[in-house]
There are 2 protein chains.
Amino acid sequence: MRRDSRLSRMLHVLIHMDRHSKRMTSETIAQMLGTNAVVVRRTMAGLKKQGYVRSENGHGGGWELARDLAGISLLDVYLAIGAPSLFAIGPSSENPACLVEQAVDTALDDTMRNAERLLRARFAEVTIADLASDFDQRYAALQSSGEICAVKA
Amino acid sequence: MRRDSRLSRMLHVLIHMDRHSKRMTSETIAQMLGTNAVVVRRTMAGLKKQGYVRSENGHGGGWELARDLAGISLLDVYLAIGAPSLFAIGPSSENPACLVEQAVDTALDDTMRNAERLLRARFAEVTIADLASDFDQRYAALQSSGEICAVKA
DNA sequence: TTATCTGTAACATATAAAGTAACGAAACCC
DNA sequence: GGGTTTCGTTACTTTATATGTTACAGATAA
C-alpha cells in the first residue's frame, strides 16, 4: 500500500479552510488534494466527530471550521483520523512462543513505543495555527500573488 | 501490505545461529520463522554481503555467523537489510506546488526525521548480544527445558 | 420539485512485503 | 562420474491496506 497521507492531507485542508471565507464542498477539497470527494468525506468524518469541523447539506453547503486553528494540535488531528499506525516495521508475529523471538520483539517494541511517545509529544506541541504561520512566512518570502492549490488563500 | 518484519526476523535468526553449533540450512531457518526458504535467503543476502554471516553450499552446508553478536548492532542489521522505511505515514505528494502543503509537509518531515534519528541512535546502542542476554534472563526465569522455536538453544 | 450537498456501502486499484515454484550452480558423498 | 544437498536467483502469486470509484439514499435550499 502507499504511505498513509491522511494526516498530511487533513492539516492541509484545515489551513485552507481557515483562509477560505466560504464553505468548501468535498468536491472542491478533493480537487485541491488531487483526490476524490468520497475520500475527503471519509477522512473528514473523524474531524467532524471530534468537533473540529462542521458540514452542511444542500445548496451552499460544504465544510467549515468549527474551532480556531490555534486550538487544534497535530495530535488532535492524528487522533481524530483514527490514530493510524505510525510505523512500517514491526514484529513478525503477535504472540510468539519462542523465547528468543519474545526477547527480540519486546526490545523492538520498547524502542518503537518510545519513538511513538516522542512523536505524539511533538505532535501535541504544534498547533495547526503554527503550521499556518509557517505558510505565511513562505508566502511573504515569495511575494507571490498567484493561485494556491487552485484555491486563493 | 503487511508490516515489515525483516528486522525482527533477522535478529531472531542471528541469536539462534549463535546458540546453534552447527550450520543451519535456509529450510531449517524458514521453519523456525514460519516462512519459506527463499524468503530467508533473500533477506539474509544483505547480512551476508555485510559480512555478518556466511553461507556454504552442498551437503552439510547452510548459514553460520561470521562475527560475534557483540560486534553487531541493531542498526547494522537494519542497514544490512536495506534500511527500509520506518514510517507508515508521510506526505501526500513528493513535490507539492501548493505552499500550504509545502509548509505542512516540511513540518511533518522535520518531525519524522527527528524520530528517525532517535530510532537509529537507539538501534546503534543495542547489540544483538544484548538481546541475547535478554533471552537468557527469560530462559532462566522460566527454567524451561523444552524446545525453543523447534531448535534447541 | 429540482439541483446540490453530505453520508455510506460496495467494489476496484495500487503498492510492497511476503510467499511460492522452478531451475541453475556449487559442494559434498557414494 | 552420478546423485544429493544446499544456496542463488528469477519470475511469478498472494496478501494487506490506504486509496480510488461508482452508486444511491437522505438532507437542504432555491
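First the proteins, then the strands, lettered A, B, ... as listed; each starts at 1.
In terms of modelled atom types and a separation under 3.5 Å, the side chain of A:D130 and the main chain of A:T127 share a donor-acceptor contact. A:R23 places a side-chain N or O within 3.5 Å of a backbone atom of A:G60 that can act as its donor or acceptor partner.
Atom CZ of B:R23 and atom P of C:dA27 are 12 Å apart (whole Å). With rounding to whole Å, A:M44 atom CE is found 9 Å from C:dT6 atom P. Per the geometry, CZ belonging to A:F87 stands 20 Å off C1' belonging to D:dA16, to the nearest Å. Rounded to an integer number of Å, the gap from B:D4 CG to C:dT15 P is 18 Å.
In this view, A:E125 and A:R122 satisfy the side chain to side chain donor-acceptor pair (under 3.5 Å) rule, not counting sequence neighbours. Scanning for salt bridge (charged side-chain N to carboxylate O under 4.0 Å, His left out) contacts around A:R54 gives A:E64, with sequence neighbours left out.
When hydrophobic residues (I, L, V, M, F, W, Y) are linked wherever their side-chain heavy atoms come within less than 4.5 Å, the members clustered with B:L118 are A:L118.
A:T35 has no side-chain polar atom (N or O) that falls below the 4.0 Å cut-off from OP1 or OP2 of D:dT19. Note on A:R9: a side-chain N or O is less than 4.0 Å away from OP1 or OP2 of D:dG20.
Judged purely by distance below 3.5 Å, without hydrogens or angles, the side chains of B:T28 and B:T25 pair a donor atom with an acceptor atom. Side-chain N/O atoms of A:D76 and A:S73 include a donor and acceptor closer than 3.5 Å.
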For a quick test of your reading: what N or O donor-acceptor pairs under 3.5 Å do the side chains of residues 35-48 of chain B make, sequence neighbours left out?
| from | atom 1 | to | atom 2 | distance (Å) |
| --- | --- | --- | --- | --- |
| B:N36 | OD1 | B:V38 | N | 2.7 |
| B:R41 | NE | B:S26 | OG | 3.3 |
| B:T43 | OG1 | B:V39 | O | 2.8 |
| B:K48 | NZ | B:S55 | OG | 2.6 |

Please list, for nucleotides 6-9 of chain D, all pairs of protein and nucleotide N/O atoms separated by less than 3.5 Å.
| from | atom 1 | to | atom 2 | distance (Å) |
| --- | --- | --- | --- | --- |
| D:dT6 | O4' | B:G58 | O | 3.4 |
| D:dC7 | OP1 | B:S26 | N | 2.8 |
| D:dC7 | OP1 | B:S26 | OG | 3.1 |
| D:dC7 | OP1 | B:W63 | NE1 | 3.2 |
| D:dC7 | OP2 | B:S26 | N | 3.4 |
| D:dC7 | OP2 | B:S26 | OG | 3.1 |
| D:dC7 | OP2 | B:R41 | NH2 | 3.4 |
| D:dC7 | O4' | B:N57 | OD1 | 2.8 |
| D:dC7 | O3' | B:S55 | OG | 3.2 |
| D:dG8 | OP1 | B:K48 | NZ | 2.2 |
| D:dG8 | OP1 | B:S55 | OG | 3.0 |
| D:dG8 | N7 | B:R41 | NH1 | 3.4 |

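Over its length, the helix from C:dT1-D:dA30 to C:dC30-D:dG1 turns its helix axis by 10°, as judged from the five terminal pairs at each end, rounded to 10°.
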